[in-house]
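Report on one structure; see the data block that follows.
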Amino acid sequence: MISLDWKDRIEIDTIDFVERKLPKNDYDIDIIYNAYPERIDGKIPKEIISFTAKIIASKISKNIDKYMEFYKYLWDKKGENGRIIAVYIVAKGITKKKPVFIDFTKEILFSADNIHDTSLVLDKIVYPILKKDYSHNIDKIFEWLKDGKEPVKLGIAKLLIKLCKSNSEMMISLFKKFESSWLYADADMIK
């Protein structure tokens, strides 16, 4: 749990970052949370990273599609913390400007080279969308399933299993969609 003093300080620093640095394309976000003294295994706690992401998302929500380069920078250059922040903001943005953010989601998903990053994107961005509006989004997911590399295919398979567990009625329609792809499955799909 973050103390009230640190919440206030992080909020002030984050607002300053959004108002002064972000418009100037200064994306050095570490300055916000590096001062936080408590570490878990030498790393900043995820709670601090999520809190920072939440403030950024709320402050840029009106122009959330304006900062796509910032999200790309976070994903590519700022390691695990940057990816968590980017995913949180994109998850908020996809509800407001879906066409813009669905393409960006595909881009970061396909650039992920391990199952951890793939699962982060699928669980935090894609799963809420599928759960909310399954019928309009499932075709896009199957398209990604066909085009993706092994971590993407494995992550999507796990996501679909999770979706079926949360709503068993989807299982029949998913099975029918999978049925045709099983006939022409490649090695990754069979795995």
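What you see is a predicted model, and the numbers here were worked out from it, not measured in a lab.
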Under a 4.0 Å N-O cut-off, is there an ion pair linking Asp5 with Arg9?
->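 Judged by the 4.0 Å cut-off on N to carboxylate O distance, Asp5 and Arg9 do not form a salt bridge.
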May I ask you to decide whether Asp30 forms a salt bridge with Lys78, counting only side-chain N to carboxylate O separations under 4.0 Å?
->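 Yes, charged N to carboxylate O under 4.0 Å.
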Tyr27: which of Lys72, Glu69, Lys21 passes side chain to side chain contact (heavy atoms under 4.5 Å, CB included) |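 For Tyr27, the side chain to side chain contact (heavy atoms under 4.5 Å, CB included) check succeeds only for Glu69.
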Does the side chain of Tyr71 come within less than 4.5 Å of Ile108's, by heavy atoms?
->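 Not in contact.
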Answer whether the closest heavy-atom distance between the side chains of Glu38 and Ile48 falls below 4.5 Å.
->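 Of all side-chain heavy-atom pairs linking Ile48 with Glu38, none is under 4.5 Å.
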With distance as the sole test, does [X] use its side chain to make a donor-acceptor pair with the main-chain N or O of [Y] at under 3.5 Å?
X: Lys149; Y: Phe110; answer: yes
X: Asn137; Y: Asp133; answer: yes
X: Asn114; Y: Asp117; answer: yes

Within 45 degrees of the axis of the six-membered ring of Tyr127 and under 6.0 Å from its centre: does Lys162 put its NZ or CZ there?
->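 Positive - Lys162 is close enough to the ring of Tyr127 and near enough to its axis.
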Shortest non-hydrogen contact from Phe70 to Ile56?
->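 Closest approach of Phe70 to Ile56: CE2-CG2, 4.4 Å.
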Nearest heavy atoms of Ile60 and Val18, plus distance in Å =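 Of all heavy-atom pairs spanning Ile60 and Val18, the closest is CG2-CG1, 3.7 Å.
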Keeping to residues at least two apart or across chains, list the salt bridge (Lys or Arg N to Asp or Glu O under 4.0 Å) pairs with something in residues 47-62.
->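 For residues 47-62, and leaving out neighbouring residues, there are no salt bridge (Lys or Arg N to Asp or Glu O under 4.0 Å) pairs at all.
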Walk me through it: do Asn34 and Tyr36 pass the test side-chain hydrogen bond (donor to acceptor under 3.5 Å, both in side chains)?
-> CA-CA 5 Å; Asn34 270 348; Tyr36 189 75; over 6 Å; no
